[in-house]
Protein chains: 2
Amino acid sequence: MSDLLERLRGRGWRMTAQRRVVAEVLDGEHVHLTADEVHARAVAKLPEISRATVYNTLGELVTLGEVLEVSTDKRAKRYDPNAHRPHHHLVCARCGSIRDVHPTGNPLADLPDTERFGFTVSDVEVTYRGLCPDCAGS
Amino acid sequence: MSDLLERLRGRGWRMTAQRRVVAEVLDGEHVHLTADEVHARAVAKLPEISRATVYNTLGELVTLGEVLEVSTDKRAKRYDPNAHRPHHHLVCARCGSIRDVHPTGNPLADLPDTERFGFTVSDVEVTYRGLCPDCAGS
DNA sequence: GAGTTGACTTGGACTTAGTCCAATGTAGGA
DNA sequence: TCCTACATTGGACTAAGTCCAAGTCAACTC
């Protein structure tokens, strides 16, 4: 965690209590939280923190490349603190829970030039969908 | 187009002017419209159609598997009438435009059992991102 | 063709997720 | 310690979508 804070300080971030709290929340258990969940956990540590600040801070972290935005469905965006290891996502279609996964293969190489339509393709995102053990069981 | 209408009638759909218009809009040029764009085009053909009906109808078409929902970003969902040929998407990071693409390879096979965490994986969605020729040029 | 009825449509209120902004506060350099 | 540019606040606002009670009408029956 202090890694993250150090990197941020190094990038000229002014270190406020609010930003520290948001960084701590993300750096805790590695789950994929929505902005509102981040806010809820931040409030537990710093009751007066506002929603706007959480949104601002998350946006900045995304811009800095420290956190990834994941929008696997129409519901709220989720934030993935695991920005430094490339990975993809496995999403439960029922409950929306997310796991990071590391498939073999390179989907970027699987897109022939004829299928690129003049686009400059820079990134690929693979989302596997299915049912998590809990939802499949019930 | 009458294909689509036929299929829907065969499934017990009551055929109303509104549903016909929505089906026609989707079946026209093959682009990926947002619900509001569908509504706008539907209004051009049938001025009194309501937003709620467009949403209802789109939802039903998705449930029936006639249309795919694509949510490539946090913005509005888009609807893809090309539900009968499996394909993936290439999205412009700047303007949000979408192309259907057909990569080689099978990403489902690329997810080893050890990376499935007990999930029943049924589907995979690949989204390529980049800049379209228009946005890259400017 | 008329009657019936349950499925469909309507529009407006509501919700959820997120953005914006003017006023206020404060981290960190001088 | 002071200063100020950067950060935070909260409340209003927006966009996308859902919900619902009341009204309408497609299609079946006769």
Side-chain angles (χ1 to χ4, degrees), chain A residues 5-6 8-25 32-43 45-64 66-80 96 98, chain B residues 5-25 32-43 45-64 66-80 95-96 98:
Chain A
L5 289 179
E6 271 327 306
L8 295 173
R9 200 189 299 275
R11 303 221 207 186
W13 245 35
R14 185 181 285 188
M15 196 46 56
T16 66
Q18 292 82 347
R19 288 174 166 182
R20 203 176 341 256
V21 163
V22 170
E24 279 172 22
V25 166
H32 301 75
L33 301 170
T34 63
D36 264 352
E37 286 164 356
V38 173
H39 180 233
R41 297 185 187 210
V43 162
K45 295 168 184 253
L46 184 69
E48 67 277 22
I49 193 172
S50 78
R51 272 178 9 104
T53 298
V54 171
Y55 275 101
N56 287 343
T57 307
L58 288 172
E60 287 156 6
L61 287 168
V62 169
T63 304
L64 292 177
E66 293 291 345
V67 161
L68 292 178
E69 233 174 50
V70 188
S71 35
T72 54
D73 57 13
K74 57 252 88 195
R75 295 188 281 236
K77 286 182 245 184
R78 292 175 175 274
Y79 293 88
D80 184 345
I98 302 181
Chain B
L5 289 179
E6 271 328 304
R7 278 201 303 279
L8 295 173
R9 200 189 298 274
R11 302 221 207 189
W13 248 34
R14 184 179 286 186
M15 195 47 56
T16 67
Q18 291 83 349
R19 286 174 166 180
R20 205 180 334 260
V21 162
V22 170
E24 279 173 22
V25 166
H32 302 74
L33 301 170
T34 63
D36 264 353
E37 286 163 355
V38 173
H39 180 234
R41 297 186 187 211
V43 162
K45 295 168 185 256
L46 184 69
E48 67 275 24
I49 193 171
S50 77
R51 271 178 11 102
T53 297
V54 171
Y55 276 103
N56 288 343
T57 307
L58 288 172
E60 287 154 8
L61 287 168
V62 169
T63 304
L64 292 177
E66 293 291 344
V67 160
L68 292 177
E69 232 174 51
V70 188
S71 34
T72 53
D73 57 12
K74 58 251 85 192
R75 295 187 280 235
K77 287 182 244 181
R78 292 175 176 272
Y79 293 88
D80 184 344
C95 71
I98 303 181

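In this structure, NE2 of H39(A) is placed 16 Å from P of dT16(C), rounded to the nearest angstrom. Atom CG in L33(B) sits about 14 Å away from atom P in dA16(D), given to the nearest Å. What separates NZ of K77(A) from C1' of dG18(C) is a distance of 7 Å, to the nearest Å. Rounded to a whole Å, the CZ atom of R19(A) is 12 Å from the C1' atom of dT26(C). Counting to the nearest Å, the P atom of dT15(C) and the CG atom of D36(A) are 15 Å from each other. Following rounding to the nearest Å, M15(B) (CE) and dT9(C) (C1') show an atom-to-atom distance of 15 Å. With rounding to whole Å, L58(B) atom CG is found 13 Å from dA16(D) atom C1'. Computed from coordinates, the R20(B) CZ to dA27(D) C1' distance equals 13 Å when rounded to whole Å.
A salt bridge is defined here as a Lys NZ or Arg NE, NH1 or NH2 lying under 4.0 Å from an Asp or Glu carboxylate O, and R11(A) with E66(A) meets this definition. A salt bridge is defined here as a Lys NZ or Arg NE, NH1 or NH2 lying under 4.0 Å from an Asp or Glu carboxylate O, and E60(B) with R19(B) meets this definition. A salt bridge does not link E24(B) to R41(B): none of the charged nitrogens lies less than 4.0 Å from a carboxylate oxygen.
Scanning both residues, Y55(B) and D36(B), for their nearest heavy atoms gives OH-OD1, 4.3 Å.
In this structure, E60(B) and A52(B) both approach DNA chain C, and ranking their closest nucleotides by distance from the 5' end singles out E60(B). Two residues, L46(B) and R51(B), neighbour DNA chain C, and the one matched to the more 5' nucleotide by heavy-atom proximity is L46(B). Residue order along DNA chain D, read from the 5' end via each residue's closest nucleotide, puts T53(A) first among T53(A) and R78(B).
Between the base of dC6(D) and the side chain of R14(A) there is a donor-acceptor pair shorter than 3.5 Å.
Only one option out of L46(A), T53(A), I49(A), V67(A) pairs with V22(A) in a side chain to side chain contact (heavy atoms under 4.5 Å, CB included); it is I49(A).
Neither OP1 nor OP2 of dC25(D) sits under 4.0 Å from any side-chain N or O of Q18(B). Distances shorter than 4.0 Å separate some side-chain N or O of Y55(A) from OP1 or OP2 on dG18(C).
Side chain of A76(B), nearest nucleotide from dG17(D), dT9(C), dG28(C): dG17(D).
Using a 4.0 Å heavy-atom cutoff across all strands shown, T16(A) reaches sugar-phosphate atoms only and no base atom.
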